[in-house]
There are 2 protein chains.
Amino acid sequence: MSRTTGTDPAAGHVLWRTPEEPRRGPRRGLTLDEVARAAVEVADRDGLAGLSMQRVAAEVGLTKMALYRYVANKDELEAVMIDAAVEEPPAPDALAGTWREQAEEFARLVSDVWTRHPWLPWVTVGERVMGPREVGWVEAAVRVFEPLGLTPDERMDAVSMLFGHLRTTLATASAGTRPWTADPAGGSTMRDLVAAHAERYPALTAVMTDPGRPVVSRWDFGLRCLLDGFAAAARRREGSR
Amino acid sequence: MSRTTGTDPAAGHVLWRTPEEPRRGPRRGLTLDEVARAAVEVADRDGLAGLSMQRVAAEVGLTKMALYRYVANKDELEAVMIDAAVEEPPAPDALAGTWREQAEEFARLVSDVWTRHPWLPWVTVGERVMGPREVGWVEAAVRVFEPLGLTPDERMDAVSMLFGHLRTTLATASAGTRPWTADPAGGSTMRDLVAAHAERYPALTAVMTDPGRPVVSRWDFGLRCLLDGFAAAARRREGSR
DNA sequence: GGAGACTGTGTACGGTAGACACAGAAGACG
DNA sequence: CGTCTTCTGTGTCTACCGTACACAGTCTCC
């Protein structure tokens with residue numbers, strides 16, 4: 001982790017380093033991008049638990065130790081595969097309409113990518129170095145909320161909440177469950193458990209007997225609540241101004 | 001995994017099994033509860049990554065293989081330690097006031113527990129068998145939203161979103177970061193990265209230059225937005241009735 | 001034609017979860 | 001009392017994980 005510029009805290013990180021060809025020695029058989037895409041493929045196929053240096057190495061036809069010529073460790077591999085998987089963020093003029101329409105469209109875009117790579121909602125949490133594309137997605141999200149009269153901090157909070165909501169929804173959805181059963185329930189078992197102990201959980205029993213709406217309408221409800229909440233916050237700001 | 005009742009899907013799971021003394025053989029030196037509490041202690045001290053069968057076994061003075069006499073595998077150990085850590089959920093009459101005050105109080109209670117055990121927000125996701133206490137917390141949350149005119153499904157969605165919000169907030173807070181920097185950013189590095197590439201991320205740059213409010217006010221903002229959103233949904237229901 | 005830098009390989013280490021066989025303890029039953 | 005049976009805890013073993021390190025081979029620069 002050696003800083004080169006002094007201003008860029010992650011200059012030493014593969015994600016933000018411009019790849020400069022070494023002068024001497026044998027050419028490397030792969031690019032960092034190929035490694036990243038192979039890792040994405042492994043995670044898509046075998047899940048996050050099935051992702052190991054061994055498997056990724058086998059995918060590209062190398063020994064696992066050769067991978068360490070491309071990334072410093074597994075965390076860095078994860079970082080580059082995230083930035084490879086999220087693809088390009090929407091351009092500034094890609095989203096049109098009111099802020100609300102833009103937010104809905106943005107959520108749909110994130111949902112698309114995170115559905116294509118179901119492990120993404122699980123790894124885009126916690127302390128780590130983000131890649132340029134991932135930061136680009138956050139940038140795009142911040143842009144969406146600019147028309148609202150929120151303070152910068154509130155705008156960022158809104159972005160955070162939007163991503164959080166998508167994560168919660170999509171992470172559990174990818175687990176093959178209807179969204180709420182797994183939060184913090186997890187699995188259809190909660191429904192059965194409640195049914196087996198109805199006297200102990202009356203409020204839940206009442207909820208569980210509901211026939212249930214289709215997933216799409218649940219998705220709408222959550223997002224709508226969130227955006228309504230932001231709108232209310234914006235109104236508060238407007239009023240106090 | 002042998003069902004005993006037929007109606008209870010997790011009857012074979014330690015979490016829902018009433019512990020019946022075996023007739024013959026030596027007495028076991030520990031109770032399941034002691035094992036669970038030891039595991040909680042390890043996780044509190046060494047974090048989730050530091051939690052291994054080995055460490056927990058050492059904590060209680062056993063070999064790791066002896067642990068398998070108490071739990072079937074590590075997942076089951078995690079399950080029992082979750083239910084041990086969350087403690088008793090609030091009683092039906094423990095929360096008072098309007099639904100909004102109750103929701104705020106409930107959020108505070110969850111926050112307390114999840115702060116005491118910072119690994120909790122990370123493990124209470126995904127497909128798994130919940131314990132009786134954890135289900136009790138969900139039950140309590142559902143009760144809070146009963147006064148609102150939401151449909152059962154919407155009520156459950158609201159609960160899910162509330163937990164999701166708390167998880168996002170507390171998981172990142174425990175990582176030693178201010179909430180939003182880690183979502184999906186992660187770490188103060190995002191701030192620095194944006195600063196180093198200001199021309200590329202203008203919207204983010206504008207946000208980052210903000211001095212920033214104290215954490216407590218960010219907490220309020222998020223929760224307030226969420227509850228405002230629920231209130232709006234309830235108003236929609238009222239209006240259409 | 002070196003010298004030196006770089007890539008990919010092989011080996012080794014300490015960690016993980018868990019399968020399995022076994023020694024010993026303790027109640028059940030003759 | 002002795003024996004049978006069942007249960008607990010131990011020790012050993014396998015397969016895998018991330019990764020440190022030494023080394024062989026390859027390429028460019030001087």
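Residue numbering restarts at 1 for every chain, and letters A, B, ... go by the order of the sequence lines.
- Considering only heavy atoms from C-beta on, B:Val138 stays 4.5 Å or farther from A:Val194 through its side chain.
- Residues of residues 56-73 of chain B that place a heavy atom closer than 4.0 Å to DNA chain C, in numerical order, are B:Lys64, B:Met65, B:Tyr68, B:Asn73.
- A donor-acceptor pair shorter than 3.5 Å cannot be found between the side chains of B:Arg167 and A:Thr168.
- One interatomic measurement links the two molecules: CD of B:Glu76 to P of C:dG18, which rounds to 11 Å at whole-angstrom precision.
- Between the B:Tyr201 side chain and the A:Pro132 main chain, a donor and an acceptor come within less than 3.5 Å of each other.
- Regarding B:Leu77, its CG atom lies at a distance of 9 Å from the P atom of C:dA17, rounded to whole Å.
- Taking 4.0 Å as the cut-off between side-chain N and carboxylate O, A:Glu34 and A:Arg28 do not count as a salt-bridged pair.
- Contact check, A:Arg24 against C:dG4: no side-chain N or O comes under 4.0 Å of OP1 or OP2.
- Two residues are said to be in side-chain contact when any heavy atoms from C-beta on lie closer than 4.5 Å; A:Ile82 and A:Arg128 meet this criterion.
- Using a 4.5 Å heavy-atom cutoff, the side chains of A:Met53 and A:Met65 are not in contact.
- Qualifying salt bridge (charged side-chain N to carboxylate O under 4.0 Å, His left out) partners for A:Arg116, counting only residues two or more places apart in sequence or in other chains: A:Glu87.
- As a whole-Å value, the separation of B:Arg27 CZ from D:dG9 P is 13 Å.
- The pair A:Asp46-A:Arg55 counts as a salt bridge, with a side-chain nitrogen and a carboxylate oxygen less than 4.0 angstrom apart.
- Between B:Gln54 and C:dT16 there is a side-chain N or O to OP1 or OP2 distance below 4.0 Å.
- B:Arg55 places its CZ atom 9 Å from the P atom of C:dG15, with the value rounded to the nearest Å.
- From one end of the helix from C:dG1-D:dC30 to C:dG30-D:dC1 to the other, with five pairs defining each end axis, the axis direction shifts by 20° (rounded to 10°).
- In this view, B:Phe145 and B:Phe230 satisfy the ring pair (Phe, Tyr, Trp, His ring centres under 6.0 Å) rule, not counting sequence neighbours.
- For residues 46-53 of chain B, proximity to DNA chain C is found at B:Ser52, B:Met53, defined as any non-hydrogen atom under 4.0 angstrom from a strand atom.
- Listed by chain and residue number, B:Trp119 satisfy the ring pair (Phe, Tyr, Trp, His ring centres under 6.0 Å) test with B:His117 (two or more places apart in sequence, or in another chain).
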Item checked: Residues A:Arg133, A:Glu139; criterion salt bridge (charged side-chain N to carboxylate O under 4.0 Å, His left out); working and verdict -> CA-CA 10 Å; A:Arg133 276 192 282 260; A:Glu139 165 85 9; over 6 Å; no
